[in-house]
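This report refers to the structure that appears directly beneath it.
Remember, predicted model here, so these are calculated numbers, not experimental data. Naming: A, B, ... by sequence-line order, numbering from 1 per chain. We use all heavy atoms of the structure for the numbers below, so side chains are in, but hydrogens, waters and symmetry mates are not.
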Protein chains: 2
Amino acid sequence: MSKRRITSKELAKLAGVSSATISRAFSPDSRIGSATRDRILAVAREYGYQPNAIARSLNNQRSRLVALVVNAIGNPCEAEEQQLLVHRLQARQLLPIILCCADHDDRLQLMRLASTYQVDHVVVFSDMVSMQDAVDIFHTTKPIIVSFEPLENENVSNIRIDGSAAADEIIDKIARDGKKRFAYLSGTKSSWIDKLRRKWFADALAKRGLSIEAEAFGDYSYDSGFKEAVLLLHRAKVDAIICGNDVMAIGARDAARRVLGKSTPTDIAIVGQDGIAMAAWDCNDLTTLSLDHVAFMDAVVELIECHEADLEGPHSITLTCTARWGSTA
Amino acid sequence: MSKRRITSKELAKLAGVSSATISRAFSPDSRIGSATRDRILAVAREYGYQPNAIARSLNNQRSRLVALVVNAIGNPCEAEEQQLLVHRLQARQLLPIILCCADHDDRLQLMRLASTYQVDHVVVFSDMVSMQDAVDIFHTTKPIIVSFEPLENENVSNIRIDGSAAADEIIDKIARDGKKRFAYLSGTKSSWIDKLRRKWFADALAKRGLSIEAEAFGDYSYDSGFKEAVLLLHRAKVDAIICGNDVMAIGARDAARRVLGKSTPTDIAIVGQDGIAMAAWDCNDLTTLSLDHVAFMDAVVELIECHEADLEGPHSITLTCTARWGSTA
DNA sequence: CTGCTTTGTGTATACGATTACACAAACGAT
DNA sequence: ATCGTTTGTGTAATCGTATACACAAAGCAG
């Protein structure tokens with residue numbers, strides 16, 4: 001029943017040493033006799049002693065906490081990456097704090113709250129947060145922010161994603177299949193990453209004298225993909241829809257199939273983005289502009305390690321997307 | 001550039017008051033003149049001062065950190081719940097630390113690490129961790145553990161889930177449709193929750209003189225559902241498969257369709273469990289034993305609030321599952 | 001055996017907030 | 001005008017650890 005946790009001072013008494021020695025027993029490279037250390041660790045185990053990380057953080061000025069700013073946990077498009085990152089952080093004895101919020105103001109509030117916990121690193125996945133906000137809120141703790149916005153800021157490291165070649169490849173195939181009228185279904189109205197993705201495809205189309213003829217905005221969810229596709233297909237005669245992510249693409253395909261009775265890729269081509277595992281499921285088999293999530297999260301960890309090692313300045317990594325061919329385009 | 005965060009003592013000097021007064025300005029119900037408070041808050045905003053949560057936690061003995069022990073983030077079956085819970089925690093100014101690990105030993109290590117951060121609450125979703133382990137590791141901090149294991153322990157609050165009625169309903173329908181030979185595809189070999197779910201269906205079958213004739217074990221993933229279903233259908237002539245979760249059910253359905261050329265529900269009935277959003281997608285339309293995730297997470301929060309309010313003793317809540325009817329059974 | 005370095009340990013302080021206690025000023029009632 | 005209460009603020013201790021510094025013991029070279 002909630003007995004108070006034993007402190008180093010109390011353990012010191014029990015082990016007949018000073019509290020400083022207790023601390024040293026738990027620090028790998030500190031001057032301490034190996035006999036003393038072994039004895040202390042034994043007594044510690046006996047009494048269930050573990051150094052208090054909160055107190056250590058206060059003293060150290062390092063919390064080993066990492067804030068992860070995300071749009072959503074539930075959406076598979078992000079969840080896969082989050083899972084990979086969380087595992088990698090944990091392997092380094094870093095604990096992830098998830099900041100997840102749909103509403104913009106709440107998100108800033110949340111980031112302010114997390115910043116009071118003196119997080120060592122901040123990973124901003126959410127493209128709704130501007131780099132400037134993130135820098136402002138976290139500037140005092142440790143100013144590395146891993147993000148994907150191509151903004152040059154001395155305190156921000158970022159990862160850039162280039163999908164132009166893969167988008168070109170995909171558009172090439174679809175155009176050669178005879179499709180002529182393209183629609184783009186965005187995930188959000190305001191995010192820059194959505195605009196970037198759209199540009200990859202718009203450029204690929206322009207190269208072939210084509211263009212985005214119809215457009216709609218969803219919220220990265222299946223339901224929005226379904227609904228917007230229905231509306232889109234009713235108001236415009238398009239034979240290809242490029243979607244902002246895979247989940248919306250699945251929704252759009254279901255809409256085309258079910259509501260309009262069209263089949264892919266004969267009647268209409270559907271393209272997703274992200275390359276999540278679900279896209280490759282037999283029932284989906286989506287053609288999608290795919291990002292290597294493992295490489296992506298490795299890059300995030302690389303940036304974090306640069307920061308842990310106190311390497312100065314911003315760092316930048318660029319990743320290239322590839323096309324995953326399915327039966328929808 | 002990583003300027004040190006300003007402290008209350010420094011701000012005190014700037015505002016011409018003592019650090020105690022600074023602290024009071026940030027504590028809602030403390031004796032402080034409203035003029036002083038306003039002035040301090042203004043100066044604080046100007047210098048970007050925010051009380052250091054780590055220091056406060058050390059003094060308070062309350063970290064406002066919550067450990068969430070989960071099997072996976074990436075699996076949609078859990079992710080939806082996690083998302084709901086994270087939102088609810090954040091609304092209460094509680095920050096969630098995710099502990100996510102497939103491997104059993106790592107998980108215990110991770111829990112030990114989190115416990116050194118003096119988390120206020122622990123929510124154990126992962127059914128691979130025994131209550132005893134959780135109680136042992138977290139007994140010193142705050143001993144409330146919200147879990148689903150029906151174990152009576154004075155320091156553990158739990159949520160029980162009853163799906164027996166819904167399972168009965170589902171089996172009834174399938175049996176009336178003429179299906180006679182049932183298989184059960186488990187999510188894990190060792191978890192008690194999986195055994196519980198299996199029992200609901202086994203009991204419903206027994207009531208009708210039927211039984212589980214074939215069995216297989218997966219890992220809650222699509223791929224394992226697909227693979228195990230193929231093996232299962234090759235070695236046993238079954239016409240219904242009950243799956244440990246929805247994702248495996250989708251895998252099993254794809255296997256039956258694609259590899260065996262069977263269609264649902266005519267040739268074979270497939271049943272999932274969880275009732276995730278994806279199960280209702282047009283392309284899946286799964287029949288599933290569904291749990292109300294909102295009610296579920298509300299229950300978790302209710303237990304946490306009991307604990308925040310220092311209500312003594314363990315608390316227990318029971319939730320009932322319902323059947324969601326789709327086109328797969 | 002002397003002087004110097006290394007090793008192991010204790011003492012005391014810092015980390016940045018909260019809060020019990022003390023006390024002065026202001027206020028109200030008689 | 002006096003006493004008692006309330007209000008606002010400062011002082012100092014506390015939370016649990018890490019570490020700079022001091023110092024004794026031990027090891028070693030000459």
Working to the nearest 0.5 angstrom, can you tell me the gap between B/Leu110 CG and A/Gln90 CD? 4.0 Å
d(CD1, B/Ile54; P, C/dT18) in whole Å: 13 Å
Begin from the C-alpha positions of A/Glu308 and A/Arg92 and carry the test salt bridge (Lys or Arg N to Asp or Glu O under 4.0 Å) through to its verdict. CA-CA 11 Å; A/Glu308 288 264 306; A/Arg92 286 164 180 74; over 6 Å; no
Looking at B/Ser23, I'd like to know whether one of its side-chain N or O atoms comes within less than 4.0 Å of OP1 or OP2 on C/dA17. no
D/dG16 P sits how many Å from B/Gln118 CD, rounded? 8 Å
Once you apply a heavy-atom cut-off of 4.0 Å, does A/Arg56 come out as touching a base, just sugar-phosphate, or nothing? sugar-phosphate
Decide side-chain contact (heavy atoms from CB on, under 4.5 Å) for B/Val294 and B/Leu84; before the verdict, give the C-alpha distance in whole Å, the side-chain angles of both, and the deciding distance to 0.1 Å. CA-CA 7 Å; B/Val294 172; B/Leu84 287 168; 4.1 Å; yes
Of all the choices, D/dT17, D/dG10, C/dT11, which nucleotide is nearest to the side chain of B/Ser18 once you look at every atom? D/dG10
By nearest atom, which of the nucleotides D/dG10, C/dT9, D/dT17 is closest to the B/Thr21 side chain? D/dG10
Respond yes when some side-chain nitrogen or oxygen of A/Gln61 is under 4.0 Å from OP1 or OP2 of D/dA18, and no when none is. no
Among C/dG10, D/dT17, C/dT19, the one nearest B/Ala20 by side-chain distance: C/dT19
Once you round it to whole Å, what is the distance between C1' of C/dG16 and CG of A/Asn60? 14 Å
Whole Å only: how far is the CG atom of A/Leu11 from the P atom of D/dA18? 12 Å
Tell me which nucleotide among D/dG16, C/dT19, C/dA22 gets nearest to the side chain of B/Arg24. C/dT19
Check: A/Arg37 side chain, C/dG8 base, donor-acceptor under 3.5 Å: no
Just call it for B/Ile32: base, sugar-phosphate, or nothing, with non-hydrogen atoms closer than 4.0 Å on any strand. sugar-phosphate
Full working for side-chain hydrogen bond (donor to acceptor under 3.5 Å, both in side chains) between B/Ser30 and B/Ser27: CA-CA 6 Å; B/Ser30 56; B/Ser27 306; 4.7 Å; no
D/dT9 phosphate, OP1 or OP2: any side-chain N/O from B/Thr36 under 4.0 angstrom? yes
For C/dA17 and B/Tyr49 - does any side-chain N or O of the residue sit under 4.0 Å from the phosphate oxygens OP1/OP2? yes
Hey, which sits more toward the 5' end of DNA chain D by its nearest nucleotide, B/Gly33 or B/Ala55? B/Gly33
Hey, does the side chain of B/Thr7 come within less than 4.0 Å of C/dG16's phosphate (OP1/OP2), counting only N and O? no
Between B/Asn52 (CG) and C/dG16 (P), how many Å, whole number? 7 Å
Flag side-chain contact, heavy atom, 4.5 Å: B/Leu14 against B/Tyr49: no
To the nearest Å, give me how far apart NZ (B/Lys13) and P (C/dA17) are. 14 Å
With a non-hydrogen cut-off below 4.0 angstrom, is B/Glu10 in contact with a base, only sugar-phosphate, or nothing? nothing
How long is the line joining CG of A/Asn59 and P of D/dT14, in whole Å? 19 Å
Atom-pair distance (CD on B/Gln50; P on C/dG16), nearest Å: 15 Å
C/dA17 phosphate, OP1 or OP2: any side-chain N/O from B/Ser8 under 4.0 angstrom? yes
